[in-house]
Amino acid sequence: MAGLSRPWQGGLGAAALGGSLLVAAHFLLSATALAGAGGAAGCLVVLAAGLGAAMAFGGRGTRLGLSLLGFSLFLFGVQSYVYPAVVFGLFLDAATLALAWRNAGNRSPATGATGTALGALAWLALASTLLLPWGRFFQAARLFGPVEFFAAMAFSSADAPAYGLASAWRLVTFAVFARELARLAVAERFTLLGRGLAGGLATAIVFGFFEHFQGDHYLLHYRFTSLFANPGWFAEYAAIAAPYLLLPLAGRSRRGRLVAAATLALCGAALVLTLARAGWIAGSLTFAAAAWLYLRPNHLVRWERPWGHLPTLAVAGALVVALAAWGAGRGLSAVSRPINALLAERVGNFTESPRPGLFRAGLCIAAERPAFGMGFETYARHYPVLLATPGAWLNRYGDPAAEVFETSHNMYVQLVSGLGLAGLGLWLAMAGRAGWLLWRRARDFASLPDLVLLLSLAAFHIYAFFQEMFYVPPVLLLLFVPLARAMALEGRQARPPRAAGWLVAAAWLVAAAGTLSYAVDAGLSRTAARLGLADWRAPGAGAVYEGFYPAETAEGGRVFRWSAGGGVIVPAPGAREATLTLAAPVPGEVAVFAGDRLLEVVRLAGRPVSRHYTLAGNGARGDNPLYVLPARSYLPQAATGAPDPRRLGLAVGVAP
């Protein structure tokens, strides 16, 4: 930031360099892990590398790359630990590194108080990983190697300790992307990205309607999803990206305005058909803004009145009415009721939701460490432990009969449970500062693009009351576009206001205090001791699986878990022996380690194989983990196009 002392500027520059190095390491490990996963994954690695090279070494490549990045978000609408999301992370890494390369000659690290708050938040998330079991991480990394350890981490589900590490690393990538986008010397960068976002949203909606009314959608096809795996996730994407449609709607081209109005009408219909009530609330912000801009004279948009847009609005209205009339009596193959019955049901039970219980559970988890939280994105890991632990807040006030989810379904609750009140305060300061800057720019300069970014920022934070926004990476990226714009606006200020200087100092003070708090409670040692836990597991629980997907039942009733590659099995405290039943999707070998000691290399050729092992170490304390490392892993979606997007290592069943 302009006006900061040299030591501060040097510190910010070092932090920025460290972030870029983390992004580079993430790119290299992601590319290496995906390159061997099949021909399709290898081609995507080549495409990501080509995108990065084009953006790094050519002005046209940078412009085209930004538009393509915004356009492509709808292709990756899944949770963060499956194949499409890992590919999206690779493309984002490549784009981020390309922007960093183009900014290499720009010596000013200035991104203002907004960028400082974002950097401090990313630092706090990284520091919170000190609460994770680093002893097992180091052991697994030595046995598996860096690439296999990274791959298992990237594909770990939300209840695994490594998921928190992957999430913190991902947040750093988003923060570096926003910083480099803010500093990029391309005046139209936000317009290009916004154009891509509008085009991608339009494409997703058109394709989604074609798919939706076929009646054979592969998942939840009575609710609109487009290419997303969940209708709520698509509603997030549509509600937050919809403001970008206002840009072509206010353009000079009559044909462009017609297309934009029709797309906006289809967007409204799609949001309704997702049956996501949060989408109705957050999405209405864009339509209210469009009506305000059209009906009220203003300096942001100069539309011809009263006839300038009436034909466009008439076409859009007719489109919505025709679609509603046709769809009202349409019965889809998954249900026997027409669409209007489904809508009536969702409206009728508007307040019936498991979310209040989830919010309470997240707050109970936060109560164990209210100042700095239990670790970024660790809700699913801590839920079963604290629910079963006498004396824990969740044990006293949680509902043991409630359905278990991977997130708290509220970003603010998720932040408090992960990074405490300090993390939530940093987030609100960052978002509030960015929103203020965008509002002032839109008001003082009659800037419609800045108003659009403000609307997107507001829609994100409205939807965040009903969803956990870190769970689906392409939706999360939508937040960092307005943040980058606010950072760019602050970077231009010759003399930042005194309040911004106080925010900078407070942000880094909070980050430093949080780091100290996490270091003192490393591995949750103090928290576990306070709760009377010898190890971080539910009292009376059996084996703990780290790096495995949820349990499944095979034919004959046998229960097993797929690993995401190499996995860790921590038998129950006091156990002196364990029986593993191993199977693999493809023939190969699996190495079984007890600590550093190789127990056996098992050859798997199709049929499950049972092995019995005597455990060493102090079983009473639970530090007798078994590490299983298959020689090969399998990505069904990359290898054969099968709908399973997980990375499968081996199937393991454990008998006590």
Side-chain angles (χ1 to χ4, degrees), residues 15-16 18-27 29-30 48 52 55 65-66 69-70 72-73 76-81 84-100 103 111 114-129 154 163-184 189-190 193 196-197 236-237 240-241 376-377 411 414-415 418-419 423 426-427 430-431 433-434 453 456-457 460-461 464 467-488 507 511:
S20 297
L21 291 176
L22 283 175
V23 176
H26 197 276
F27 174 79
L29 290 169
S30 297
M55 293 181 67
L66 288 173
L69 182 64
S72 67
L73 294 190
F76 307 104
V78 292
Q79 65 267 49
S80 58
Y81 55 81
V86 175
V87 172
F88 172 72
L90 182 72
F91 276 85
L92 183 61
D93 290 341
T96 302
L97 292 173
L99 296 181
N103 290 333
T111 52
T114 305
T116 302
L118 176 57
L121 188 75
W123 179 281
L124 198 65
L126 275 180
S128 75
T129 63
Y163 179 80
L165 179 59
S167 298
W169 202 342
R170 187 181 310 113
L171 182 62
V172 171
T173 299
F174 281 104
V176 176
F177 171 79
R179 176 183 182 274
E180 299 304 336
L181 181 63
R183 298 171 66 237
L184 185 65
R189 58 197 182 282
F190 295 104
L193 195 51
L197 289 168
E236 293 176 42
Y237 166 69
I240 300 167
F376 185 63
E377 288 296 270
M411 185 191 73
Q414 194 84 1
L415 276 169
L419 298 178
L426 274 177
W427 184 280
M430 173 190 72
R433 176 69 177 165
L453 291 168
S456 182
L457 180 72
F460 181 96
H461 285 86
Q467 282 290 1
E468 198 274 284
M469 309 299 278
F470 302 103
Y471 197 56
V472 184
V475 173
L476 180 60
L477 182 65
L478 292 170
L479 166 71
F480 287 85
V481 182
L483 287 183
R485 174 60 175 169
M487 291 158 66

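Residues: numbered from 1 along the sequence shown. When reading the values below, keep in mind they use all heavy atoms of this one structure, side chains included, and skip hydrogens, waters and symmetry mates.
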(message) Give me the atom names and distance for the closest heavy-atom approach of Ser456 to Leu478.
(response) OG-O, 4.3 Å
(request) Flag the pair Met55 / Leu99 as yes when at least one side-chain heavy-atom distance between them is below 4.5 Å, and no otherwise. (result) yes
(request) Work out which heavy atom in Ala182 is nearest to a heavy atom in Ala484; give both atom names and the distance. (result) CB-O, 3.3 Å
(message) If I compare all heavy atoms of Ala431 with all of Leu457, which pair ends up nearest, and what's the gap?
(response) O-CD2, 3.9 Å
(request) Compare every heavy atom of Leu121 with every heavy atom of Gly423, then report the nearest pair and how far apart it is. (result) O-CD1, 3.5 Å
(message) What I'd like to find out is whether the side chain of Arg183 reaches to under 4.5 Å of the side chain of Met487, using heavy atoms alone.
(response) no
(request) Flag the pair Glu236 / Phe460 as yes when at least one side-chain heavy-atom distance between them is below 4.5 Å, and no otherwise. (result) no
(message) Working to the nearest 0.5 angstrom, can you tell me the gap between Met469 CE and Gln414 CD?
(response) 12.0 Å
(request) Please assess Leu479 against Phe174 for the test side-chain contact (heavy atoms from CB on, under 4.5 Å), listing each intermediate value before the final yes or no. (result) CA-CA 9 Å; Leu479 166 71; Phe174 281 104; over 6 Å; no
(request) Go through the steps for Leu126 and Leu22 under the test side-chain contact (heavy atoms from CB on, under 4.5 Å), then give the verdict. (result) CA-CA 11 Å; Leu126 275 180; Leu22 283 175; 3.8 Å; yes
(request) Please round to the nearest 0.5 Å and tell me the distance separating atom CD of Glu377 and atom CG of Leu165. (result) 12.5 Å
(message) Quick one: does any side-chain atom of Ser30 pair with a main-chain N or O of Phe27 as donor and acceptor, under 3.5 Å?
(response) no
(request) Measure the shortest side-chain to side-chain distance between Asn103 and Leu184 over non-hydrogen atoms and say whether it is less than 4.5 angstrom. (result) yes
(request) Look only at the side chain of Arg189 and the backbone of Leu181, and say whether a donor-acceptor pair between them is shorter than 3.5 Å. (result) yes
(request) Report the distance from atom CG of Leu171 to atom CZ of Phe376, rounding to the nearest 0.5 Å. (result) 4.5 Å
(message) Could you measure the distance from the CZ atom of Phe480 to the CZ atom of Phe177? Nearest 0.5 Å is fine.
(response) 10.0 Å
(request) Give, for atom CD of Gln79 and atom CD of Glu468, the distance between the pair rounded to the nearest 0.5 Å. (result) 12.0 Å
(request) Could you go through the side-chain contact (heavy atoms from CB on, under 4.5 Å) check for Ser80 and Val472 one step at a time? (result) CA-CA 6 Å; Ser80 58; Val472 184; over 6 Å; no
(request) Return the minimal non-hydrogen interatomic distance between Ala168 and Ala125, and the atom names on each side. (result) CB-O, 3.6 Å
(request) Kindly say whether Arg433 contributes a backbone atom to a donor-acceptor pair with the side chain of Thr114 at under 3.5 angstrom? (result) no
(message) For Trp427 together with Phe470, are the ring centres under 6.0 Å from each other?
(response) yes
(message) Nearest 0.5 Å, please: how far is CH2 in Trp123 from CG in Leu426?
(response) 13.5 Å
(request) Taking all heavy atoms of Leu197 and all of Leu73, pick out the closest pair and write down the distance. (result) CD2-CD1, 3.5 Å
(request) Could you check whether the rings of Phe76 and Phe88 sit parallel, tilted or perpendicular, using 30° and 60° as the cut-offs? (result) tilted
